Structures are given as C-alpha cells and as structure tokens.
Amino acid sequence: MKKMSIKLRVIGLVILSLVVMGFVVGFTAVSQSTEALMEKSYGGLTASRDMKRNQIQNFFDERIGDIRVLASSNDLNAFMQKLSVQKRELGIAEDERYPVQNTGVQEITKAHHKYFENYMNEYGYYDIFLISDAGHVMYTVARESDYGANLASGSLKASGLAKAWRQAKQKGRASFVDMEPYGPSAGAPAMFLGYPLKEGVLVFQISDEAINKIMRFRKGYGETQEDYLVGPDKLMRSDSYLDPKNHSLKASFADPQKGKVDTEAVRQAFAGETDTQIIIDYNGNPVLSAYSTIDIGEDFKWAILSEIDKAEVMEMPNKVRNTMIAENLIILAVIISLAFWLINTGLIKPLEAFKSSMLEIADKHNLTYKVSTDAPLEIAQMASSFNSLLDSLRDLIANTKQSSSENASISHELSTTALGVGNNVEKSVSVIDNATKQAATIKTEIVESVKHAKES
C-alpha cells in the first residue's frame with residue numbers, strides 16, 4: 001500500500017466510491033420498488049379476497065332467502081300436504097321406503113314437478129327435496145337413487161341429506177350441512193340446506209358449480225393468482241385454478257392425502273386471523289396469501305384464500321433491478337472514464353511533470369531550471385514554492401562562492417606570513433643553537449679555569 005502510486009490510489013478511491021454509491025442507490029431503488037409492488041400486490045389480493053368473501057357470503061344468504069320464500073309458497077305447501085295425506089292413506093311404516101312408484105304418488109308429483117323443475121333450473125340448484133317428518137324422501141326433482149329413501153333408518157341415514165333433515169327439525173331454522181361425498185350423486189361432494197316445514201322439511205342440494213363460478217372469476221389477475229375455499233377438514237370447497245388435478249373439489253375429496261390444504265394461511269384463518277403474508281402454498285411454492293373465513297349461515301366456517309406466486313410478484317422488481325444494474329454499469333463506466341481522464345489530465349500529469357522537473361534538476365545539477373507553474377492551484381503553489389527555494393539556493397551558493405574567494409585570499413596572505421615567520425624562527429633557532437654551543441664551550445672553559453685555579 002505504501003508503494004502504491006498516487007495515480008492508482010486516487011483512481012482506485014474514485015472507482016470504489018462510485019461503485020459503492022451505485023450499489024447503495026440501486027439497492028435503495030430496488031428495495032423501494034419491491035416494497036411498493038409488494039404493497040400493491042397485497043392490496044390487490046386483499047381486495048380480491050374481500051370481494052369473493054362478500055360474494056360467497058351473499059350467495060349463501062340468498063340461498064337462505066330462496067328456501068324461506070319457497071317454503072312459504074302456496075304451491076309447495078299444497079304439494080307437501082297432498083304427499084303427506086297420500087303417505088297416511090298408504091299407511092307407510094316409519095322404517096319403510098316411500099312408495100314413489102305408487103300411481104297416486106306419481107299423479108301428485110306429476111302435477112307439481114314442472115314448477116319445481118323450473119325453480120331448480122332458474123336458481124341453479126342441483127336438486128330439491130321434500131322430506132316427511134319421519135325421514136321419507138317423498139319428492140326430489142333430480143330423482144336419483146335417494147328418491148323414496150328412508151333417512152331415519154335406511155342406507156342414507158348418515159348422509160349429508162339426512163343431516164340436513166335432522167338439523168332443520170332440531171334447530172327450527174335454515175341449516176347448512178357442509179360438503180361431503182354423497183352416494184346418490186355419484187359420490188361427488190354435496191352440500192345441503194334444510195328448512196323446517198309444517199309437516200316435514202324442505203332441502204336444497206346446492207350446486208358446487210354456482211360456487212365455482214364465483215371463485216373462478218379472474219379478470220385482471222396475474223398468471224398464478226387464484227382464489228379458493230377450504231373447509232374445516234382442510235379439503236377444497238372450490239376448484240383450484242393452478243392444480244385442478246389434485247386440488248379440485250372432487251379430487252380433494254377423492255384423495256384427501258393429495259388434495260388436503262394444510263398451510264399456515266389455512267391454519268391462521270381457522271384460528272380467527274385475517275391477514276396477508278408470504279407463506280408456502282399447497283404446491284410448496286412461496287406465495288403472497290390473503291386469507292380469512294366465511295360464515296356459512298350459523299353452522300360452520302370456510303377459509304377463503306387469495307394467493308399469487310411470489311416469483312410472479314417479484315418478476316417486475318427483478319426486471320427493474322436488472323435494468324438498473326445494467327444502466328448503473330454503463331453510467332459507472334462513463335463516469336469512471338471521465339473521472340480517469342480528469343484525474344489524469346488535471347492531477348496526475350502535472351504531478352508527473354513536477355516529478356520529472358525535480359529529477360532533471362537533481363540529475364543535471366542545474367539550479368537555473370524553473371518548474372512549470374501551469375498546473376492546478378495546489379501543484380502550482382508547490383511549483384512556485386520550489387522555484388523560490390531554487391532561487392534561494394542559487395543566492396546562497398553565490399554568496400558562499402564569494403565568501404570562499406575572500407577566505408582563500410586571506411588564507412594565502414596568512415600562509416605567506418606564516419612562511420616568513422617560519423624562516424625567521426628557523427634563523428633564530430640556528431642563532432640560539434650557535435649561542436648555546438658557544439655558551440657550552442665557554443662553560444667548559446670556565447670550569448677548566450676554575451679547576452686550574454683551585455689546583456693553583
């Protein structure tokens with residue numbers, strides 16, 4: 001790092017800063033767009049859920065209204081009275097089937113059949129039943145195998161039709177029985193609504209097609225968006241759009257292991273929660289799920305769910321993200337190129353020129369050279385200061401040279417004087433030496449003279 005050039009450091013810092021900035025801006029934009037689209041999807045799912053919920057709720061409220069109106073009609077009461085009288089005249093035991101093949105019964109039925117057939121077709125019911133207090137199915141429009149059955153003791157005593165008959169009698173009001181396989185209708189799931197009469201019970205077999213018609217409406221939906229109903233047993237109450245093979249109404253009851261919908265959304269809905277969140281659906285895919293429950297009369301609840309695959313919701317944010325990444329890369333490339341050019345032209349080249357000038361001065365020892373000040377402000381100031389330094393150095397050297405010349409002259413004079421003094425000293429030393437020698441001779445002579453004098 002210490003040996004990295006300024007050029008690399010500056011450009012690296014700029015690139016890193018731009019990349020970080022691009023990442024932060026891109027991440028923020030994608031996050032905000034994702035959040036906005038998720039909220040929009042949540043809002044759409046919630047609206048779909050609530051709309052379908054209200055439609056299904058109204059559907060069942062209308063069924064209650066239908067059965068009340070029909071139960072109070074003169075045609076039905078007259079028909080029921082005739083059948084009851086015929087039953088008493090025939091002396092049918094409570095554990096016997098109702099003799100629907102009896103000529104008298106057929107004549108009574110024929111007179112009213114057209115009215116009920118039209119009513120059933122007009123209001124979209126699968127079948128309409130008139131059942132005696134004892135549980136005899138005295139009339140059915142569809143005339144399946146349940147026609148004439150004894151619901152109190154026969155093979156259908158545990159069926160949904162028998163439950164509707166019992167509940168209407170016991171509760172004294174319109175009573176729904178949830179869907180379950182019904183043998184006389186080829187084992188298909190059937191739903192019943194019973195209503196007490198003066199001498200029996202009126203029962204509607206509600207068509208699942210009418211419910212599916214509401215739930216299959218998908219105008220404005222995405223490819224993976226669907227609405228469906230689930231019962232307390234976690235089985236379907238309407239057909240799935242995404243998986244009709246295993247999660248249609250009939251397939252769900254035919255193979256509960258594959259057709260069950262035991263997801264977090266369903267569990268939360270039956271726990272009384274109404275919410276929208278991301279869960280794993282019955283296909284094992286993450287989905288946005290808006291869930292709630294529907295009250296089916298006063299008898300039970302269904303869960304209603306509006307869902308869409310998370311992948312579909314994220315498709316647009318992912319496109320936005322990819323587009324932004326591509327655009328950011330292009331913008332970054334342009335900005336980095338421009339920044340490289342500006343940095344190289346405005347900073348790196350002046351610095352390199354400054355560096356070259358200094359190296360040339362050092363190599364040639366030419367203090368008269370001037371560093372160019374045609375550079376950005378800071379580098380120009382450095383160059384100006386360096387030029388001032390060179391001027392000062394030249395002045396100092398010139399002064400030093402002049403002082404050196406003067407000092408050399410003085411040194412020469414001092415040297416000459418010192419040489420003369422040296423010669424004089426040498427001569428003096430020689431004189432002194434001769435004098436010393438003469439003194440020694442004189443001393444010797446004196447000593448000899450003293451010696452001779454003593455001897456004398």
Side-chain angles (χ1 to χ4, degrees), residues 33-66 121-126 179 188-189 191 206-231 235-252 259 261 263-266 268-269 273-296 301-320:
S33 64
T34 300
E35 185 177 349
L37 286 171
M38 290 288 279
E39 288 181 0
K40 182 180 178 182
S41 298
Y42 278 140
L45 287 175
T46 301
S48 298
R49 178 200 67 197
D50 292 343
M51 180 183 70
K52 295 289 179 71
R53 178 185 179 185
N54 291 334
Q55 288 177 334
I56 295 295
Q57 195 81 63
N58 292 335
F59 172 81
F60 286 113
D61 290 343
E62 289 172 2
R63 303 292 75 78
I64 293 175
D66 288 348
N121 294 331
E122 181 70 22
Y123 288 92
Y125 291 102
Y126 182 87
M179 291 184 182
M191 184 177 187
I206 298 173
S207 171
D208 58 88
E209 183 59 32
I211 297 172
N212 272 321
K213 186 177 180 180
I214 296 173
M215 300 305 294
R216 279 199 299 259
F217 182 81
R218 301 183 66 257
K219 186 176 181 180
Y221 280 18
E223 292 183 5
T224 61
Q225 185 173 345
E226 65 171 349
D227 309 308
Y228 59 94
L229 300 167
V230 179
L235 298 179
M236 301 293 289
R237 295 298 188 270
S238 65
D239 293 343
S240 164
Y241 170 76
L242 297 179
D243 184 23
K245 181 179 179 181
N246 295 316
H247 288 90
S248 66
L249 174 64
K250 292 180 180 179
S252 179
V261 183
T263 63
E264 181 65 22
V266 172
Q268 289 289 332
E273 298 291 333
T274 296
D275 200 358
T276 305
Q277 59 178 292
I278 297 176
I279 58 105
I280 302 299
D281 72 351
Y282 55 80
N283 284 323
N285 300 322
V287 297
L288 276 67
S289 178
Y291 53 84
S292 186
T293 52
I294 301 174
D295 292 322
I296 310 301
K301 296 178 183 292
W302 283 349
I304 180 169
L305 301 97
S306 293
E307 296 177 344
I308 185 171
D309 281 5
K310 182 182 177 183
E312 182 177 350
V313 176
M314 293 301 295
E315 184 176 346
M316 183 57 68
N318 289 340
K319 286 183 179 178
V320 172

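Because the structure is a prediction, the values reported are computed rather than measured.
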Contacts of type side-chain contact (heavy atoms from CB on, under 4.5 Å), residue [X], not counting sequence neighbours:
X: Y241; result: R218, E226
X: E223; result: E312
X: N212; result: D208, R216, S238, D239
X: A303; result: V230, A269, F270, L305

Is the side chain of [X] donor-acceptor paired with the backbone N or O of [Y] at a distance under 3.5 Å, no angle test?
X: T224; Y: D309; answer: yes
X: N283; Y: N285; answer: no
X: S252; Y: G259; answer: yes

Looking only at heavy atoms, which two atoms of [X] and [Y] are closest? And how far apart?
X: F217; Y: D227; result: O-OD2, 4.2 Å
X: A251; Y: P244; result: CB-O, 4.4 Å
X: V261; Y: M236; result: CG2-SD, 3.4 Å
X: S207; Y: G124; result: CB-O, 3.4 Å

S240 and Y282 side chains, donor-acceptor separation under 3.5 Å: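 S240 and Y282 do have a side-chain donor-acceptor pair below 3.5 Å.
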
For this session: Please assess T263 against V287 for the test side-chain contact (heavy atoms from CB on, under 4.5 Å), listing each intermediate value before the final yes or no.
Result: CA-CA 11 Å; T263 63; V287 297; over 6 Å; no

Sequence neighbours excluded, the answer for salt bridge (Lys or Arg N to Asp or Glu O under 4.0 Å) partners of D66 is R63

Sorted by chain and number, sequence neighbours left out, salt bridge (Lys or Arg N to Asp or Glu O under 4.0 Å) with D295 holds for K301

Note, M191 side chain near F60 side chain (heavy atom, < 4.5 Å): yes

Do I304 and R49 come close enough that some side-chain heavy atom pair is under 4.5 Å?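 Touching, per the 4.5 Å side-chain cut-off.
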
Let me see the working for M215 and I56 under side-chain contact (heavy atoms from CB on, under 4.5 Å), right down to the final yes or no.
CA-CA 9 Å; M215 300 305 294; I56 295 295; 3.9 Å; yes

Checklist entry - For Q277 and Y291, what are the C-alpha separation, side-chain angles and deciding distance, and is it a side chain to side chain donor-acceptor pair (under 3.5 Å)? => result CA-CA 9 Å; Q277 59 178 292; Y291 53 84; 2.6 Å; yes

* To do: Starting from the C-alpha separation in whole Å, work towards a yes-or-no answer on side chain to side chain donor-acceptor pair (under 3.5 Å) for S292 and R53.
  => CA-CA 8 Å; S292 186; R53 178 185 179 185; 3.2 Å; yes

*Determine, step by step, whether E307 and Y228 satisfy the side chain to side chain donor-acceptor pair (under 3.5 Å) criterion, reporting the C-alpha distance in whole Å, the side-chain angles of both residues, the deciding distance to 0.1 Å, and the verdict.*
CA-CA 9 Å; E307 296 177 344; Y228 59 94; 3.0 Å; yes

Interatomic distance, CG@L242 vs CD1@I308, rounded to 0.5 Å, equals 9.5 Å

Q: Decide side-chain contact (heavy atoms from CB on, under 4.5 Å) for M179 and I211; before the verdict, give the C-alpha distance in whole Å, the side-chain angles of both, and the deciding distance to 0.1 Å.
A: CA-CA 12 Å; M179 291 184 182; I211 297 172; 3.7 Å; yes

**Request:** Kindly determine whether D275 and Q268 satisfy side-chain contact (heavy atoms from CB on, under 4.5 Å), including the steps that lead there.
**Result:** CA-CA 9 Å; D275 200 358; Q268 289 289 332; over 6 Å; no

